[in-house]
Amino acid sequence: MTSTLTLAEALTAGTVVLDGGMSNQLESAGHDLSDELWSARLLAERPEAITEAHLAYFEAGADVAITSSYQATFEGFAGRGIGRERAAELLALSVELARDAVARARGKGVTRPLWVAASVGPYGAMLADGSEYRGRYGLSVDELERFHRPRLEVLAGARPDVLALETVPDADEAKALLRAVRGLGVPAWLSYSVAGDRTRAGQPLEEAFALAADADEVIAVGVNCCAPQDVDAAVETAARATGKPVVVYPNSGEAWDAEARAWDGRSTFAAEQVRGWRASGARLIGGCCRVGPEAIGSIARTLAGAG
């Protein structure tokens with residue numbers, strides 16, 4: 001653990017600031033991520049770059065670092081000739097690198113509680129074809145559970161503070177993930193990628209969020225990797241459907257072009273929006289793709305100033 005205060009306790013006491021996009025921070029440092037493994041490739045090739053990215057967010061004001069394991073899977077690594085044992089080492093390394101960033105932040109004078117969230121991306125992230133924004137992979141809940149459980153076991157064994165079940169496009173995949181985290185001994189949050197008032201696969205958010213209402217392992221429910229304008233209603237729905245603290249970390253507002261593997265459009269993200277999110281029940285607030293340390297610093301200052 002990276003703090004004597006658990007993240008669940010912190011969410012009960014107040015608001016916690018998440019970090020921003022890992023990939024955009026790595027790209028801004030000059031790293032090429034034009035690869036199906038995305039930022040996970042640097043776990044093997046440039047692990048120190050990942051620690052530096054985490055540190056930049058801690059120094060900006062983030063309280064939680066989300067690991068670079070979003071696109072790290074046994075299947076994805078196998079496609080690059082990386083065997084199962086080495087893949088497990090790289091998954092565990094993602095947690096270790098975030099912990100290293102905590103230690104370095106402490107050395108730089110950061111004294112507030114800090115936590116590490118182990119990222120667990122959806123099945124579609126492994127496919128690297130944009131299907132993480134659509135869901136409906138043609139797999140059963142049981143098949144999705146079998147895909148996720150081995151990776152979750154390795155990540156849980158590395159003892160992060162929380163498992164981030166994130167960018168989930170489909171309520172069926174959420175069911176699989178909620179099954180897969182049982183008995184691991186590590187709390188989790190569940191966040192969907194949404195479009196309007198529905199999951200990316202088209203299910204009503206009220207029903208999708210309600211799946212986690214009775215899951216003791218889940219300490220927060222919400223949305224990420226979505227447009228900022230989709231957050232307001234989602235926060236209210238998540239709070240109403242589950243009674244749990246809400247997690248929100250939207251994109252900058254730009255749109256991902258899966259074919260071109262590039263972002264298009266302009267940013268619509270404003271730190272001032274977080275006041276409304278918190279008023280509606282959000283307790284774990286940050287940014288996702290294209291939201292960098294400067295924006296996270298603004299979020300931290302806005303929340304601190306709001307009392």
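The analysis underlying the following values was restricted to heavy atoms, covering all of them including side chains, and did not include hydrogens, waters or symmetry mates.
By the criterion of side-chain heavy atoms lying less than 4.5 angstrom apart, applied directly or through intervening Ile, Leu, Val, Met, Phe, Trp or Tyr residues, F147 is not grouped with V141; the two fall into different hydrophobic clusters. Hydrophobic clustering (side-chain heavy atoms under 4.5 Å, transitive across Ile, Leu, Val, Met, Phe, Trp, Tyr) groups V16 together with I219. The hydrophobic clustering, which links ILVMFWY residues whose side-chain heavy atoms are closer than 4.5 Å, places L184 and L91 together. Side-chain heavy atoms closer than 4.5 Å link hydrophobic residues (I, L, V, M, F, W, Y) into clusters, and following such links, possibly through other members, connects V248 to L211. With hydrophobic clusters built from ILVMFWY side chains whose heavy atoms lie under 4.5 angstrom apart, L93 shares a cluster with I50.
Panel note: side chain R151, backbone A88; no donor-acceptor pair is recorded below 3.5 Å. Using modelled atom types, no side-chain atom of D100 and backbone atom of T51 make a donor-acceptor pair closer than 3.5 Å. Under a 3.5 Å cut-off, the side chain of E143 and the backbone N or O of S140 do form a donor-acceptor pair. The backbone N or O of A233 lies less than 3.5 Å from no partner atom in the side chain of E236, so there is not a single donor-acceptor pair. Remark: side-chain polar atoms of R275 are not paired, donor with acceptor, to backbone N or O of A279 under 3.5 angstrom. Judged purely by atom type and a 3.5 angstrom limit, D161 uses its side chain to pair as donor or acceptor with the backbone of V116. Looking at E173, its side chain does come within 3.5 Å of a backbone N or O of Y123 through a donor-acceptor pair.
Comment: D170 engages R136 in a salt bridge, judged by a side-chain N to carboxylate O separation of less than 4.0 angstrom. A salt bridge is absent between R200 and E132: the closest approach of a Lys/Arg side-chain nitrogen to an acidic carboxylate oxygen does not fall below 4.0 angstrom.
Considering only heavy atoms from C-beta on, P150 comes within 4.5 Å of R84 through its side chain. At a threshold of 4.5 Å between non-hydrogen side-chain atoms, the residues L152 and L165 count as touching. Using a 4.5 Å cut-off on side-chain heavy atoms (C-beta onward), V246 and L284 make no contact. In this structure, N251 and C288 have side chains that are in contact, with non-hydrogen atoms separated by less than 4.5 Å. Taking the side chain as every heavy atom from C-beta outward, P293 and E59 never approach each other to under 4.5 Å. Side-chain atoms of V120 and S69, non-hydrogen and from C-beta on, never get closer than 4.5 Å to each other. Between Y249 and I285 there is no side-chain heavy-atom pair separated by less than 4.5 Å. For the pair D142/R179, a side-chain contact is recorded, criterion being any heavy-atom separation below 4.5 Å from C-beta on.
In this structure, L55 CG and D19 CG are separated by 12.0 Å, a value rounded to the nearest 0.5 Å. Here R112 contributes atom CZ and R106 contributes atom CZ; the two are 8.0 Å apart, rounded to the nearest 0.5 Å. The structure places CD of E272 at 10.0 Å from CD1 of I299, a figure rounded to the nearest 0.5 Å. Interatomic distance, CD of E145 versus NE2 of H148, reported as 10.0 Å (0.5 Å rounding). Atom-to-atom distance recorded for T67:OG1 and L163:CG is 9.0 Å, nearest 0.5 angstrom. For the atom pair CZ of R99 and OG of S94, the computed distance is 10.0 Å after rounding to the nearest 0.5 Å.
When all heavy atoms are compared, the tightest approach of I296 to V17 is CG2-CG1, 3.9 Å. Contact record, K244 with V221: CD-CG2, 4.0 Å, taken as the closest heavy-atom pair. Contact record, T237 with L205: CG2-C, 4.1 Å, taken as the closest heavy-atom pair. Here the shortest heavy-atom pairing between T302 and V274 reads CG2-CG2, 3.7 Å. Nearest heavy-atom pair, R278 versus L303, reported as atom, atom and distance to 0.1 Å: NH2-O, 3.4 Å. Scanning all heavy atoms of the two residues, the minimum distance from Y57 to N24 falls at OH-ND2, 3.5 Å.
Scanning for side-chain contact (heavy atoms from CB on, under 4.5 Å) contacts around S131 gives L127, D129, R134, Y137, with sequence neighbours left out. In this view, E85 and E89 satisfy the side-chain contact (heavy atoms from CB on, under 4.5 Å) rule, not counting sequence neighbours. For A117, the side-chain contact (heavy atoms from CB on, under 4.5 Å) criterion is met by V64, I66, V162, A164, W189, not counting sequence neighbours. Take E294 and apply the side-chain contact (heavy atoms from CB on, under 4.5 Å) test, not counting sequence neighbours, and it matches no residue.
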**Request:** Could you go through the side chain to side chain contact (heavy atoms under 4.5 Å, CB included) check for S252 and C289 one step at a time?
**Result:** CA-CA 6 Å; S252 65; C289 300; over 6 Å; no
**Message:** Apply side chain to side chain donor-acceptor pair (under 3.5 Å) to residues T15 and R283 and explain how you reach the verdict.
**Reply:** CA-CA 4 Å; T15 311; R283 293 294 176 267; 4.8 Å; no
**Request:** Go through the steps for W115 and L5 under the test side chain to side chain contact (heavy atoms under 4.5 Å, CB included), then give the verdict.
**Result:** CA-CA 9 Å; W115 296 273; L5 183 71; 4.2 Å; yes
**Request:** Please lay out, stage by stage, how F74 and V154 fare under the test side chain to side chain contact (heavy atoms under 4.5 Å, CB included).
**Result:** CA-CA 11 Å; F74 288 108; V154 173; 3.9 Å; yes
**Request:** Walk me through it: do R104 and E52 pass the test side chain to side chain contact (heavy atoms under 4.5 Å, CB included)?
**Result:** CA-CA 9 Å; R104 290 183 58 181; E52 289 286 349; 3.0 Å; yes
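Every pair tested for ring-ring contact (aromatic ring centres under 6.0 Å, His included) that includes a residue from residues 154-173 fails, sequence neighbours excluded, so the list is empty. Applying the salt bridge (Lys or Arg N to Asp or Glu O under 4.0 Å) test to pairs two or more places apart or on separate chains, none has a residue in residues 210-231.
One side chain, E166 or S119, offers a donor N or O that lies under 3.5 Å from an acceptor on the other.
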